[in-house]
> 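Sending over a structure as structure tokens; questions will come in a sec.
The chain is numbered in sequence order, starting from 1. Note that ligands are numbered from 1 as they come in the structure, with each ligand's atoms numbered from 1 the same way.
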Amino acid sequence: MIHRECVNSEPTAAAALERFFIRHRDRLRFVHFGMFLVFVAVIFVPLLQPDPPGDATPFTDFTTFANYALWGLWFPLVFLSVILTGRSWCGLFCPMGAASEWANGVGPRRAIPRWLRWEGTPVASFLVVTVLGQTLGVRDHPEGAAELFGGTMAAAVLIGWLYGRNKRAWCRHMCPIGLLLGVFSRLGVVEFAARFRLPGGEGYTEKGVCPTMIDLARKTESRHCIECFRCVNPQAKGGIHLELRRPGSEIEAIRYHHPNAAEVWFLFLGTGIALGGFLWLVLPQFQDLRQALGEWAIGHGWLWLAKPGPSWLMSVHPARHEVFLWLDFVLITGFMLAVMAVMTSILAILTIAAARLAGQGNGEASVARRFTELGYQYAPVAMVSLVIGLGGKLFEPLGFTPLGMGGVHAVKGTFFALGLLWSIRLGRAILCRQGVGGARRWAALLPGLLGSVLVGLGWWPAVFGL
Ligand code: SF4
Ligand code: SF4
């Protein structure tokens, strides 16, 4: 048995937080219920409202407010919050996870099937939801947002109702953003750590109290912990306790925290598909491509491509002068998948190069293991890109201050530069722990630096405009 240092018995911030949440743990259901009402209001009330006038603001029109609350506040802040509070959104606030768990209490509680436990399931869920979000125009049309978020809520309830016993099978295995929050939570300050850790590495069990099936005595990683506080008991000598740590420390020492190749591939794929979802909207070349493909399709008798598709699959809103054709659906989907493939290939090739260079510098372990560990260095730059690119509305109010748009670009640019520097620092620390030193370490760092810069160049229009 490996003994970890016990927590200091003196009052600390972590101990105070523990006490607070344990005291109020039973009241979380009221928070969840309140958040459920907010969810219903933000997602469904705009369907009952007339379209906002052109000069509407979040202060004068509910639909505009709901849109800003979703894309300007919820989306970027949930991702940013993992740095300071881990997956607190999941455990403390998320109405979807709570509804899924509630449904579990009244369902048949079947064993979690193998297809659901497959590591590719949350990746597929993320890709489908991200692409559908673009083809439905979820940012511009309340109907699209209602379909996507309402459908996801229905799926969460169904999966929760069917599978597991007092568990959140949905949160662990299928939530489209759970995996992403999990990767980024490895960067965070909060850790729920075992006081006495059994050897054998990370485990999965449906037997314990953990709703996300973490084998608590073997817990080494943060990503599946939704911070429900159910396993925390300050009076117990063993068990789990809350620790506050230096941001990024889990990834710096990733080799001791269950590095996982599937997670790294997901990080690459997720970065790529999100970039594709942003670029098709802003690149003028996309419209040129659409025009050329449309002419080619009509010239070759592919007339179905020029017809509008069903409104459950794509944006069909004639009153708002937006009707997607099958051509748009095929192009948007194809473009996003192509950008994803290119970005994933670039990051994979650069990470293989880094892993090989680390080997030449006497880096420990196999190339595959070094590849997986080094893949995590992209986590900060990927997170910052996602927040700036797809959650850019967060920064828009700055444009109405004396700082103007120049200030918005400066803040975004600074933010991105910090993400880039953090990625480089993580890469250096990972190489250090692999035993790569001196000039060799700097050489092995260069591919990662190039990869981070390329991610940044991809998001350049989001940071500085075209
Ligand atoms: S994993 Fe998904 S559904 Fe579950 S609590 Fe987190 S965000 Fe909500
Ligand atoms: S490790 Fe503890 S706090 Fe984290 S999800 Fe499991 S039971 Fe909840």
> Quick one: does any side-chain atom of Arg197 pair with a main-chain N or O of Lys219 as donor and acceptor, under 3.5 Å?
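Yes; at least one donor-acceptor contact below 3.5 Å.
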> Within a distance under 4.0 Å of any heavy atom of Trp89, pick out the atoms of ligand 1 and give their elements.
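Answer, ordered by atom number: 7 (S).
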> Would Phe286 and Trp280 count as a close aromatic pair, with their ring centres under 6.0 Å?
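Yes, ring centres under 6.0 Å apart.
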> So, for Tyr204 and His173, is the gap between ring centers shorter than 6.0 Å?
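Ring-ring flag for Tyr204/His173: true, centres closer than 6.0 Å.
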> Taking only heavy atoms of Arg168, which atoms of ligand 1 are found under 4.0 Å from at least one of them?
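Result: 5 (S).
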> Would you mind listing which atoms of ligand 1 come within a distance below 4.0 Å of any non-hydrogen atom of Gly97?
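Atoms satisfying the 4.0 Å criterion: 3 (S), 4 (Fe), 5 (S), 8 (Fe).
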> Who gets closest to atom 4 (Fe) of ligand 2 by heavy atom: Cys225, Ala194, Pro211?
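Looking at heavy atoms only, the winner is Cys225.
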> List ligand 1 atoms under 4.0 Å from Cys90, heavy atoms only on the residue side.
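Near Cys90, meaning under 4.0 Å from one of its heavy atoms, ligand 1 has 1 (S), 5 (S), 6 (Fe), 7 (S).
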> Among all the protein's non-hydrogen atoms, which is closest to atom 1 (S) of ligand 1, and how far away is it?
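In this structure, atom 1 (S) of ligand 1 has Arg87 NH2, 3.3 Å as its nearest protein heavy atom.
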> Give the atom numbers and elements of ligand 1 that come within less than 4.0 Å of a heavy atom of Trp170.
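Contacts of ligand 1 toward Trp170, numbered from 1: 3 (S).
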> What protein heavy atom sits nearest atom 2 (Fe) of ligand 1, and how far away is it?
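Atom 2 (Fe) of ligand 1 sits closest to the protein heavy atom Cys175 SG, 2.3 Å.
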> Looking at CD of Glu119 and CH2 of Trp265, how far apart are the two atoms once the value is rounded to the nearest 0.5 Å?
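Result: 14.0 Å between the selected atoms.
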> I need the full list of side-chain hydrogen bond (donor to acceptor under 3.5 Å, both in side chains) pairs touching residues 66-84, with sequence neighbours left out, sorted by first then second residue.
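Sorted result for residues 66-84: Asn67-Lys393.
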> When you check the side-chain N and O atoms of Ser315 and Glu322, is any donor under 3.5 Å from an acceptor?
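There is such a pair (donor and acceptor under 3.5 Å, judged by atom type) between the side chains of Ser315 and Glu322.
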> With the threshold set at under 4.0 angstrom, would you say Leu216 reaches ligand 2 through any of its heavy atoms?
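In this structure, Leu216 qualifies as a contact of ligand 2 - some heavy atom is under 4.0 Å.
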> Which protein non-hydrogen atom lies closest to atom 8 (Fe) of ligand 2, naming both residue and atom, and how far is it?
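Looking at atom 8 (Fe) of ligand 2, the protein heavy atom closest to it is Cys228 SG, 2.3 Å.
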> Short list, please: which atoms of ligand 1 are under 4.0 Å from a heavy atom of Cys94?
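Counting from 1, the qualifying ligand atoms are 3 (S), 5 (S), 7 (S), 8 (Fe).
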> As an exercise, identify every atom of ligand 1 less than 4.0 angstrom from a heavy atom of Cys171.
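Under 4.0 Å from Cys171, ligand 1 has these atoms: 1 (S), 3 (S), 4 (Fe), 5 (S).
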> One residue to check: Val232. Relative to ligand 2, which of side chain, backbone, both or neither has a non-hydrogen atom less than 4.0 Å away?
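Neither; nothing of Val232 gets under 4.0 Å from ligand 2.
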> Any ion pair linking Glu263 and Arg223 (charged N to carboxylate O, less than 4.0 Å)?
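Between Glu263 and Arg223 there is a salt bridge, with a charged N closer than 4.0 Å to a carboxylate O.
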> Side-chain contact, heavy-atom cut-off 4.5 Å: Ile43 with Leu70?
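Yes; the side chains approach each other to less than 4.5 Å.
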> Hey, is Arg245 close enough to Glu191 for a salt bridge, meaning N to O under 4.0 Å?
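Here Arg245 pairs with Glu191 in a salt bridge, since their nearest N and O are under 4.0 Å apart.
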> Where do Ala56 and Asp61 come nearest, in terms of heavy atoms and distance?
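The answer is CB-CB, 3.7 Å.
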> If the cut-off is 4.0 Å to any non-hydrogen atom of Phe192, which atoms of ligand 2 fall inside it?
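Answer for ligand 2: 3 (S).
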> Heavy atoms only: which of Ser222, Cys210, Cys231 is nearest to atom 6 (Fe) of ligand 2?
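Going through Ser222, Cys210, Cys231 one by one, Cys210 has the nearest heavy atom to atom 6 (Fe) of ligand 2.
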> I'd like to know if Ile240 contacts ligand 2, where contact means a heavy-atom distance under 4.0 Å to any ligand atom.
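False for this residue.
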